[in-house]
Amino acid sequence: AEAQMIRLKKYAEFAAALGSPYLHHTVINEIYNPENVLPRKEELFYKGIDAAREIYDYAEKFGVKCIIEDQGFIYNGVEGFGRFLREVNRDIGIVADFGNIRQVEEKIADLIRAFPEKIAHVHVKDVYVLPEQKGGGLPTVNGNFMYGTLFRQGDVGFDDAMRALHDIGYKGYFTFESGNILLPSGKRRPYPQDERLLRAPLDLRIKAEAFLYEIGKSVLTAYDCFEE
């Protein structure tokens, strides 16, 4: 934990040197497994609060603002993130991640509308939630499983989310993500015999990233907010 704090403080210095106004970091790593998290939820919640304050205060010395995304079972959802912001008592911004909020089976548009002044950055990706585990997947708060997928193949409400961003006057950047753009989500982690499929050639990865860029361009153009 101490080594991670030192590393994050170095990242704050790097962000300042590069002229970035933000440092985006995860509060704590222990956020995804309900068997580990839920019995210790309060302990982990305050552990993360202390860490977030320390990193924020350090980054602030360099003119860098910390921003944190909705993730896992603790700092996620309208209620969970609202409690985090109240308890941390710092001007931390929110990275609105379209997909991560589905782990607590909420909608990203609700988070955006609940904290309009806090949205500092946006991660756009698609996921879907199923009642059964079919290989890989992250468990949700209600005992279902969340899987990453290609854009518009999941159950993220993109139209509602983009309208919410428009309504709050969001003018920041968008990052389009697709962890499974080269591999079906059901085979992403649990099959060691498929390791060769995980090592896509560089030229194919470049084409995949270009494809993802075109997806992002089409989405932002549709909502009149695309800029090169």
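As a basis for the values below, the full set of heavy atoms in this structure was taken, side chains included, without hydrogen atoms, waters or symmetry mates.
With contacts defined as side-chain heavy-atom distances shorter than 4.5 Å, the pair D155/R102 qualifies. Two residues are said to be in side-chain contact when any heavy atoms from C-beta on lie closer than 4.5 Å; I92 and I67 fail this criterion. When side chains are defined from C-beta on, F145 does not count as touching L138, because their heavy atoms never get closer than 4.5 Å.
Across every non-hydrogen atom of G77 and E106, the tightest pair is CA-OE1, 3.3 Å. Listed here is the closest heavy atom pair of F158 and Y223: O-OH, 4.4 Å. Closest approach of Y128 to G154, counting heavy atoms only: CB-CA, 3.9 Å. Residues G93 and A120 approach most closely at CA-CB, 4.4 Å, considering heavy atoms. Here the shortest heavy-atom pairing between S178 and T149 reads OG-O, 4.0 Å. Contact record, F73 with T140: CE2-C, 3.5 Å, taken as the closest heavy-atom pair.
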Report task. Check the pair F81 / Y75 against ring-ring contact (aromatic ring centres under 6.0 Å, His included), numbers first and verdict last. Result -> CA-CA 5 Å; F81 221 106; Y75 314 107; 7.6 Å; no
Query - Steps toward side-chain contact (heavy atoms from CB on, under 4.5 Å) verdict (F98, D126) - result: CA-CA 7 Å; F98 281 26; D126 208 352; over 6 Å; no
Requested in this report: Determine, step by step, whether F226 and V219 satisfy the side-chain contact (heavy atoms from CB on, under 4.5 Å) criterion, reporting the C-alpha distance in whole Å, the side-chain angles of both residues, the deciding distance to 0.1 Å, and the verdict.
Outcome: CA-CA 8 Å; F226 175 76; V219 173; over 6 Å; no
Requested in this report: Take I68 and V95 through the test side-chain contact (heavy atoms from CB on, under 4.5 Å) and record every step on the way to the result.
Outcome: CA-CA 5 Å; I68 294 171; V95 179; over 6 Å; no
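With sequence neighbours left out, D91 forms a salt bridge (charged side-chain N to carboxylate O under 4.0 Å, His left out) with K65, K118. By the salt bridge (charged side-chain N to carboxylate O under 4.0 Å, His left out) test, K10 pairs with E13, sequence neighbours left out.
Between F211 atom CZ and F151 atom CZ the span is 10.0 Å, to the nearest 0.5 Å. Between atom CE of residue M162 and atom SG of residue C225 there is a gap of 4.0 Å, rounded to the nearest 0.5 Å. Separating the CD atom in Q103 from the CE atom in M146 is a distance of 5.0 Å, to the nearest 0.5 Å. In this structure, F174 CZ and L220 CG are separated by 5.5 Å, a value rounded to the nearest 0.5 Å. The CZ atom of R152 sits 9.5 Å away from atom OG of S218, with the distance rounded to the nearest 0.5 Å. Taking CD1 of I215 as the start and NZ of K125 as the end, the distance is 14.5 Å to the nearest 0.5 Å.
When hydrophobic side chains of Ile, Leu, Val, Met, Phe, Trp and Tyr are connected at separations under 4.5 Å, M5 ends up clustered with L8, Y11, F14, L23, I55, Y58, F62, V64.
Placement of V127 and L212 within a single hydrophobic cluster is found when ILVMFWY residues are connected by side-chain heavy-atom separations under 4.5 Å, directly or transitively. Residues V104 and V129 fall within the same hydrophobic cluster, defined by Ile, Leu, Val, Met, Phe, Trp and Tyr side chains chained together at heavy-atom separations under 4.5 Å. V27 and Y22 are members of different hydrophobic clusters when ILVMFWY side chains are connected at heavy-atom separations under 4.5 Å. The hydrophobic cluster containing L150 does not contain I206, counting ILVMFWY residues as joined when their side-chain heavy atoms lie under 4.5 angstrom apart, directly or transitively. Hydrophobic clustering, with ILVMFWY side chains joined whenever heavy atoms are under 4.5 angstrom apart, groups I94 together with F45.
Sorted by first then second residue, the salt bridge (Lys or Arg N to Asp or Glu O under 4.0 Å) pairs that include residues 68-89, not counting sequence neighbours, are E42-R83. Evaluation of the side-chain hydrogen bond (donor to acceptor under 3.5 Å, both in side chains) test over residues 162-175, restricted to residues two or more places apart or in two chains, returns H121-T175.
Between the D97 side chain and the V124 main chain, no donor and acceptor come within less than 3.5 Å of each other. Panel note: side chain Q71, backbone N100; no donor-acceptor pair is recorded below 3.5 Å. Side chain of R90 to backbone of Y56: no donor-acceptor contact under 3.5 angstrom is found.
Salt-bridge formation is detected for the pair E54/K9: a Lys NZ or Arg NE/NH1/NH2 atom is positioned less than 4.0 Å from an Asp or Glu carboxylate oxygen.
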Enumerate, atom names and distances included, each donor-acceptor pair closer than 3.5 Å involving a side-chain atom of residues 108-115, sequence neighbours excluded.
unit_1 : atom_1 : unit_2 : atom_2 : d
R113   : NH1    : D160   : OD1    : 3.1
R113   : NH2    : D160   : OD1    : 3.2

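Using modelled atom types and a 3.5 Å distance limit, the side chains of E105 and N144 yield a donor-acceptor pair.
Counting heavy atoms of neighbouring residues, nucleotides and ligands inside a 6.0 Å radius, atom CD of E117 does not exceed 12 of them.
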